[in-house]
Amino acid sequence: MAMGDALNFIEHIVEEDIRTDKNDGRVLTRFPPEPNGYLHIGHAKSICLNFGLAEKYGGLTNLRFDDTNPAAEETEYVESIKEDIQWLGFDWEDREFYASDYFDQLYEFAEQLIRDRLAYVDDSTSEEIAALKGTPTKPGTHSPYRERSVEENLKLFREMRDGIHEEGTKSLRAKVDMASPNMLMRDPIIYRVKKVPHHRTGDKWNIYPMYDFAHGQSDSIEKITHSICTLEFENHRPLYDWFIEKLGIFPSRQIEFARLNLSYTIMSKRRLLILVNEGYVTGWDDPRMPTISGLRRRGYTPESIRDFATRVGIAKRNNVIDLSLLEFSGRSHLNKIANRAMVVLDPIKLVITNYPEGQKEELPAINNPEDETAGSRMLPFGRELFIERTDFMEDAPKKFYRLSPGRNVRLKHAYIIHCEGFVADSNGFVQEVHCTYYPETKSGQDKSGIKSKGTLHWVACDKARDVKVRLYDRLFNEENPLAHEGKDFIEFLNPESLKVIEHAKMEPNIPTEEVGAKYQFLRTGYFTIDKDSASETLVFNRTVTLKDSWKKIQNK
RNA sequence: UGACCCAUGGUGUAAUUGGCAACACAGCAGGUUUUGGUCCUGUCGUUCUAGGUUCGAGUCCUAGUGGGUCAACCA
């Protein structure tokens, strides 16, 4: 069976639910980010899963901000999250919700639990609660406040709401089971005093619900059918179901899948924040960051990210995806859409000694061999050109298909040239390469039969435009920067994750100079125009290199 | 000395729900090529262990082993 139509385990569940007419065959998912940081490629997997599932089964997806902790959350993050989801190509239409929209309802739920003798106000400190909690192997002990009357609990909880009590002095706990082998069931705190203004509700509230008392209830209020989250919430599911049952509300179903891990990458928001705050990168959208905004600035397309999300699959086992898979998805789309351009990153001058001084020529060049509609452009050619320094070798091995004294090579879109010699300085550093060209080998009309093994990119010296090029590489040089005990992940930062070329030589007539435009620099890689570009100087970010089989041969 | 979850090539993910283990990435070899790109072909290599059920087990059962999560008034 081809894997194209194979279902993942969540699709199996959804199809079964549809078959049995659960929820009247309705599918409603949600993407629930906490606005406390920027979205990363792991979130992209979740977004594609949630929106993709709904799309596939004729359902919808809500966007819901899980904003129950005002101490960490900011509007800036809300905006970036919305931008990133839209950029990925998904639409929540008018279904933009916030857990904070439900604070009144959540408060009522809490009072309901109190009235049902299923919640109580605890005066214990955080330390005292921890001490009575027990350990995974030893049951906990009841709090001395566990048996307060409904009236007293109601009174105290309202006082908490009204700001009478200070942070840390009182909390509301669900009365579940202090002996449960599941620590989360040992009378979890569901409301805490927090006298912090909220980015949406301002200073209306002095108390805020905890995740476990907000997430499932929000799902239920929205009548979410399939609430998909990551594996670390598995132990929360009994509590999720407990609240739904005790409150008698719509039974959303929580389903857990394994989060994305990428080799040579870290994915925790906390650690990404460290990289930003301590200046290891230039910001959340630094092209080396695994954030969606970073990948966007790096030059990845939404199509390639979605393709990647499909390829990584959905399952429950912990995984580490090869960075090469992301690169594959990146190249695969860029290959189809990126116009080709000739840019010499590390120039060396090439003089065609038999090309008449002062002669000019314009040679046609196709913009994208993968897309006939992309058209073509004219390339100025002349006696003096720039070629890549790595394309010349004084003493070259047999497998070197490039320029070396006595050898032929094709200049892309132009002529075959023959290397006659070179000029070096006193240190042996090559200054100029001298060649002759065969006029009868002009590209497209060559019937000469003259052979050449390789093809080089080049730029005419007098028409070359200086551009700035940023060569990005992986941010870490360890496959798992977190797996080394006693060592901080910062130690594994790749010192060569960014190399800047101030004066690369670009051909003069590229089709567009818009920020975000994608190019394949012939033979070197895919590049995108960065927002740092000024009108005179374009700045290009390298998204990913081309596959390089010469490099492989060299490494042998 | 707990509960819950997981275990299929180097990396991921599938397997018509008990019936010939496949697809992709990576690797390797070759072909095409005016990009050492793309494309095409071939190739390498997989069911954690031990029992059990069954005509038949990657799939079901038991035990073990290994990994993950849980003792924030974070999500």
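Letters A, B, ... are given to chains in the order of the sequence lines, protein chains preceding strands, and every chain is numbered from 1. Everything quoted here is computed from the prediction, not taken from an experiment.
- Residues forming a salt bridge (charged side-chain N to carboxylate O under 4.0 Å, His left out) with Glu34(A) (at least two apart in sequence, or on another chain): none.
- The salt bridge (charged side-chain N to carboxylate O under 4.0 Å, His left out) search around Asp371(A) returns none, not counting sequence neighbours.
- Partners of Thr301(A) according to the side-chain hydrogen bond (donor to acceptor under 3.5 Å, both in side chains) rule, which considers only residues two or more places apart in sequence or in another chain, are Ser304(A), His333(A).
- When rounded to the nearest whole Å, the span between CD of Glu11(A) and C1' of rA15(B) equals 15 Å.
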(request) Tell me, with the steps shown, if Tyr208(A) and Phe103(A) meet ring pair (Phe, Tyr, Trp, His ring centres under 6.0 Å). (result) CA-CA 8 Å; Tyr208(A) 293 93; Phe103(A) 280 171; 5.7 Å; yes

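- Counting non-hydrogen atoms under 4.0 angstrom, Lys451(A) reaches nothing in the nucleic acid.
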(message) Each nucleotide in nucleotides 70-75 of chain B should get exactly one letter: B, S or -. Can you fill that in based on protein heavy atoms under 4.0 Å?
(response) SB-BSB

(request) For RNA chain B, just give me the dot-bracket, please: Watson-Crick or G-U, both distances below 3.5 Å, ( ) intra-strand, [ ] crossing earlier pairs, | paired with another strand, . unpaired. (result) .((((((..((((.....[..)))).(((((.......)))))....(((((..]....))))))))))).....

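- With hydrogens and angles ignored, no donor-acceptor pair under 3.5 angstrom links the side chain of Arg311(A) to the base of rG12(B).
- When the C1' atom of rU34(B) is taken as reference, atom CD1 of Ile417(A) falls 13 Å away, rounded to whole Å.
- With a 6.0 Å cutoff to the six-membered ring centre and a 45° limit on the axis angle, Arg200(A) counts as a cation-pi contact of Tyr98(A).
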(message) What does the B/S/- profile of nucleotides 37-48 of chain B look like, 5' to 3', with a 4.0 Å heavy-atom cutoff to protein?
(response) BS----------

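- Every residue meeting the salt bridge (charged side-chain N to carboxylate O under 4.0 Å, His left out) condition with Asp307(A), not counting sequence neighbours, appears here in chain and number order: Arg311(A).
- If you take CH2 of Trp458(A) and P of rU34(B), they are 18 Å apart, rounded to a whole angstrom.
- Look at CZ on Arg402(A): it is 13 Å from P on rU35(B), rounded to the nearest Å.
- Residue contacts for Phe65(A): at a heavy-atom cut-off of 4.0 Å it reaches no nucleic acid atom on any strand shown.
- Residue contacts for Gly444(A): at a heavy-atom cut-off of 4.0 Å it reaches a base atom on one of the strands shown.
- Residue-level contact check: Lys552(A) touches the backbone only, with heavy atoms under 4.0 Å from sugar-phosphate atoms and none from bases.
- Rounded to whole Å, atom P of rU33(B) lies 13 Å from atom NZ of Lys412(A).
- Listed by chain and number, the residues in a ring pair (Phe, Tyr, Trp, His ring centres under 6.0 Å) with His215(A) are Tyr211(A) (sequence neighbours excluded).
- Evaluation of the ring pair (Phe, Tyr, Trp, His ring centres under 6.0 Å) rule for Phe381(A) yields Tyr355(A), Tyr415(A), Trp458(A) as partners, not counting sequence neighbours.
- A salt bridge (Lys or Arg N to Asp or Glu O under 4.0 Å) check over residues 186-196 of chain A, counting only residues at least two apart or in different chains, returns the pairs Arg146(A)-Asp187(A), Glu166(A)-Lys195(A).
- A salt bridge (Lys or Arg N to Asp or Glu O under 4.0 Å) check over residues 543-553 of chain A, counting only residues at least two apart or in different chains, returns nothing.
- You won't find any donor-acceptor pair under 3.5 Å spanning the side chain of Thr455(A) and the base of rU35(B), going by distance alone.
- The same atom, P, is picked in rG27(B) and in rU38(B); the two are 10 Å apart, to the nearest Å.
- Using a 4.0 Å heavy-atom criterion, one finds that His457(A) contacts no nucleic acid atom at all.
- Taking atom CD1 of residue Ile553(A) and atom C1' of nucleotide rC28(B), one finds them 13 Å apart after rounding to whole Å.
- One interatomic measurement links the two molecules: CD1 of Ile10(A) to P of rU13(B), which rounds to 12 Å at whole-angstrom precision.
- Comparing Asn318(A) and Leu325(A) by the nucleotide of RNA chain B whose heavy atom lies nearest to each, the residue mapping closer to the 5' end is Leu325(A).
- The salt bridge (charged side-chain N to carboxylate O under 4.0 Å, His left out) test applied to Arg340(A) returns no partner, not counting sequence neighbours.
- Aromatic pair Tyr526(A)/Tyr519(A): ring centres not closer than 6.0 Å.
- Between Asn261(A) atom CG and rU13(B) atom C1' there is a gap of 15 Å when expressed in whole angstrom units.
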